[in-house]
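This report concerns only the one structure given below.
Every chain is numbered from 1, with letters handed out A, B, ... down the list of sequences.
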Amino acid sequence: MRLSTFFLPVLKETPAEAQIASHRLMLRAGMIRQEGAGIYAWLPLGHRVLKKIEQIVREEQNRAGAVEMLMPTIQPADLWRESGRYDAYGKEMLRITDRSDREMLYGPTNEEMITEIFRAGAKSYKDLPKMMYHIQWKFRDEVRPRFGVMRGREFLMKDNYSFDIDEEAGRKSYNKMFIAYLRTFERMGLKSIPMRADTGPIGGDLSHEFIVLADTGESAVFCDKRIVELPVPPKDVDFDGDLQTTVDQFTTYYAATDEKHDENEFEDAVEDGNRVSARGIEVGHIFFFGTKYSDAMNAVVATPDGKEVPVQMGSYGVGVSRLVGAIIEAFHDGDGCKWPMAVAPFHVGLINLKVGDAEVDAACEKLYQSLSDAGVDVLYDNTPARGGEKFARMDLIGLPYQIVIGPRGLKDGKAEVKRRSDGEREEIALDQVSDHVAKLVQDALAYN
RNA sequence: CGGGGCGUAGCGCAGCCUGGUAGCGCAUCUGGUUUGGGACCAGAGGGUCGCAAGUUCGAAUCUUGCCGCCCCGACCA
């Protein structure tokens, strides 16, 4: 992509309303624009990141055996009357009426609808187990939206729903999502920690919040250092094999958010050198709730001996749009974003320091071509701006690598390659830059 | 939902108290000089002062109502 054709409205000054780093940087880097309280337009740069995150989530869901579908944003109120939540949900639900005065709502979640869909199409234990997910915009009319996309009213969420014949089978589905989530966040460069959350009507231990560690996270978290160091299952993990052992590894250690934290228990369970107090952001939540909706909505399946039982369900959410903010919170500095390769809007920024100079232009064009041919996503700054402005802008948008080509380096047949994460630069011979950088990109993407 | 604050050019702000021709910096456009880390000179364009009503000869400024947004707290993917 040539910067001259891209739309990148960067801001030199910080908008007054942005309090935290990710919000500030997303506005400054031209990723989003606020259109109302907690409502954002995704500009081209932000949209690219959002789609990358969405795709990683999708791939890991598919690997775990979930199937993708798409439910509407607008739902009829009657569906929610069946579960009793139409009245219970309160003002967080955005209620609307259509031209015929039918009561509708902009979905804050989809348990009712998926239950209705499932009961219409599955009747027997032979139809189980099933996991279905979609990635769709939700709306919750939060009293106080804040922190940009981290706590918006409209947000993009992946929600998966599992259907099983009994609780034991339900636990297996739960474990699949548990592992899938560890892998999903790891691929984005994030260290996520499953923390025990409030349990449902079933009780037990089948609800976890996935917390990403970030210095500027919204809540304080406490955990055993050993949980942070546990290896995440590889991509060829057998989702139909034994997952319980792995899940147990993660759940035996102490890990709690501040509202569930018990200092005495923490000190008893974790020895001195292993106690971690940090800050975190909730990016996922998995939850087994049994027959809460299948009871209320009569979603039953026949067992092998011919009885009808309500189906056992769980739901599993990932805050896709929130992750954009969470990743920035985890990876930024005073100059801007520092995207992990897997979610970077472009892999590489190519800076032409003297647009109009025949030699520099030719070198840039050639490199732009060969990198693109090698499958590298390049943002080529071919604008007539000054060097300093280009450097600052490229640092702000935070592409993992920058290649700088100007008359000075060109005299020696060299280009400069800068790594955004730590600022390290090296001079590379011009005819080797393409291969060199393509390899750096490929190596960074090797984990998937 | 309780408490506080702010709406003046694309962004950041001053002006309001004490009513009298709407300003500054950045950004944008033109010309020139510059050009390896957010340049300089000269000039130009851009504002129903959130909306409405009221007071007044006269309202960005005073009064009332409404709308929008932000912050702290309680709540939450």
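Using a cut-off of 4.0 Å between Lys/Arg side-chain N and Asp/Glu carboxylate O, A:Glu426 and A:Lys418 are scored as not salt-bridged.
Among the protein residues, A:Gly356 comes within range of no part of the nucleic acid, since none of its heavy atoms lies under 4.0 Å from any strand. Within 4.0 Å of A:Lys418, counting heavy atoms only, lies at least one base atom of the nucleic acid. Contacts of A:Arg153 with the nucleic acid, taken as non-hydrogen atoms under 4.0 Å apart, are absent. Residue A:Val404 is classed as a base contact, given a heavy-atom separation below 4.0 Å to a base. Residue contacts shown for A:Glu282 are limited to sugar-phosphate atoms, with no base heavy atom under 4.0 Å away. In this structure, A:Gly409 reaches the bases: a heavy-atom distance under 4.0 Å links it to at least one base atom across the strands shown. Nucleic acid contact class of A:Gly406 (heavy atoms, under 4.0 Å, all strands): base. Using a 4.0 Å heavy-atom criterion, one finds that A:Asp395 contacts the bases of the nucleic acid, with or without backbone contacts as well. Counting non-hydrogen atoms under 4.0 angstrom, A:Glu17 reaches the backbone sugars and phosphates but no base. Within 4.0 Å (heavy atoms only), A:Lys91 reaches sugar-phosphate atoms of the nucleic acid but no base atom.
Centre separation under 5.5 Å together with a plane angle under 30° holds for the ring of A:Phe155 and the six-membered base ring of B:rA77, marking them as stacked.
Nucleotide B:rC6 forms a pair with B:rG68, judged by Watson-Crick or G-U wobble geometry with both contacts under 3.5 Å. Look at B:rC16: it lacks any Watson-Crick or wobble partner with both distances under 3.5 angstrom. Using N1 to N3 plus N6-O4 or O6-N4 for Watson-Crick, or N1-O2 and O6-N3 for G-U wobble, each under 3.5 Å, B:rA77 pairs with nothing. When Watson-Crick and G-U wobble pairs are counted only if both distances are under 3.5 Å, B:rC49 pairs with no nucleotide at all. Of the nucleotides present, B:rU30 is the one that pairs with B:rA42 by Watson-Crick or G-U wobble criteria, both distances under 3.5 Å. Pair assignment for B:rU35: none, as no Watson-Crick or G-U wobble contacts are both less than 3.5 Å. B:rG58 is unpaired under the criterion used here, namely a Watson-Crick or G-U wobble arrangement in which both key atom distances are under 3.5 Å.
Between B:rG38, B:rC76, B:rG12, one nucleotide has an atom nearer to the side chain of A:Glu389 than all others, and that is B:rG38. Residue A:Arg386 has its side chain nearest to B:rU35 when only B:rG37, B:rU35, B:rC26 are considered. Checked against B:rG38, B:rG25, B:rA77, the side chain of A:Arg28 finds its nearest nucleotide in B:rG38. Listed candidates were B:rC1, B:rC11, B:rC76. Nearest to the side chain of A:Glu92 is B:rC76. Comparing B:rG12, B:rA74, B:rU34 against the side chain of A:Arg146 picks out B:rA74 as the nearest.
If you check distances only, the side chain of A:Arg144 never reaches the base of B:rC75 with a donor-acceptor pair under 3.5 Å. The base of B:rG37 sits within donor-acceptor range of the side chain of A:Arg425, with an N or O pair under 3.5 Å.
Of the C1' atoms belonging to B:rC24 and B:rC49, the separation is 16 Å, rounded to the nearest Å. B:rG10 and B:rG47 have their P atoms separated by 8 Å, with the value rounded to a whole Å. B:rG20 and B:rG15 have their P atoms separated by 14 Å, with the value rounded to a whole Å. Between B:rG50 and B:rA59, the distance separating the two P atoms is 15 Å to the nearest Å. When the P atom is used for both B:rC29 and B:rG19, the distance is 42 Å, rounded to whole Å. Taking atom C1' on both nucleotides, B:rG58 is separated from B:rA22 by 16 Å, rounded to a whole Å. Nucleotides B:rA60 and B:rA9 are separated by 14 Å at their P atoms, to the nearest Å. Comparing B:rG12 with B:rA27, their C1' atoms sit 11 Å apart, to the nearest whole Å.
In this structure, NZ in A:Lys338 is found 15.5 Å from CD1 in A:Ile397, a value given to the nearest 0.5 Å.
A donor-acceptor contact under 3.5 angstrom links the side chains of A:Asn382 and A:Ser4, judged on distance only. Between the side chains of A:Gln55 and A:Arg58, at least one donor N or O lies within less than 3.5 Å of an accepting N or O. Side-chain contact of A:Tyr161 with A:Asp159: a donor-acceptor pair under 3.5 Å is present, judged by distance alone.
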> Passes salt bridge (Lys or Arg N to Asp or Glu O under 4.0 Å), A:Asp141 versus A:Arg95? Steps please.
Replying inline: CA-CA 10 Å; A:Asp141 200 353; A:Arg95 296 153 205 263; over 6 Å; no
> So A:Phe289 and A:Met313, side-chain contact (heavy atoms from CB on, under 4.5 Å) or not? Walk me through it.
Replying inline: CA-CA 6 Å; A:Phe289 48 70; A:Met313 295 175 58; 3.3 Å; yes
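Distance A:Glu111 CD to B:rA77 C1': 11 Å, rounded to the nearest Å. The nearest whole Å value for the distance from the NZ atom in A:Lys411 to the P atom in B:rG36 is 12 Å. When rounded to the nearest whole Å, the span between CD of A:Glu13 and P of B:rU28 equals 12 Å. In this entry the distance linking CZ of A:Phe287 with P of B:rA77 reads 10 Å, nearest Å. Taking atom CG on A:Leu94 and atom C1' on B:rC76, their separation rounds to 17 Å, with Å as the unit. In this structure, the CG atom of A:Asp258 is 10 Å from the P atom of B:rA74, given to the nearest Å. B:rA74 atom C1' lies 11 Å from atom CZ of A:Arg151, rounded to whole Å. One can place CZ of A:Arg24 at 15 Å from C1' of B:rC70, the figure rounded to the nearest angstrom.
The aromatic ring centres of A:Tyr181 and A:Phe210 sit less than 6.0 Å apart.
Two residues, A:Arg140 and A:Arg33, neighbour RNA chain B, and the one matched to the more 5' nucleotide by heavy-atom proximity is A:Arg33. Nearer the 5' end of RNA chain B, as judged by each residue's closest nucleotide, is the contact made by A:Thr14, out of A:Thr14 and A:Leu353.
The phosphate of B:rC70 has OP1 or OP2 within less than 4.0 Å of a side-chain N or O from A:Gln34. An OP1 or OP2 oxygen of B:rG12 is reached within less than 4.0 angstrom by no side-chain nitrogen or oxygen of A:Lys12. Considering only side-chain N and O atoms, A:Arg322 lies nowhere under 4.0 angstrom from the phosphate OP1 or OP2 of B:rA77.
Below 30°, between 30° and 60°, or above 60°: for A:Trp42 and A:Trp137 the angle between ring planes is between 30° and 60°, a tilted geometry.
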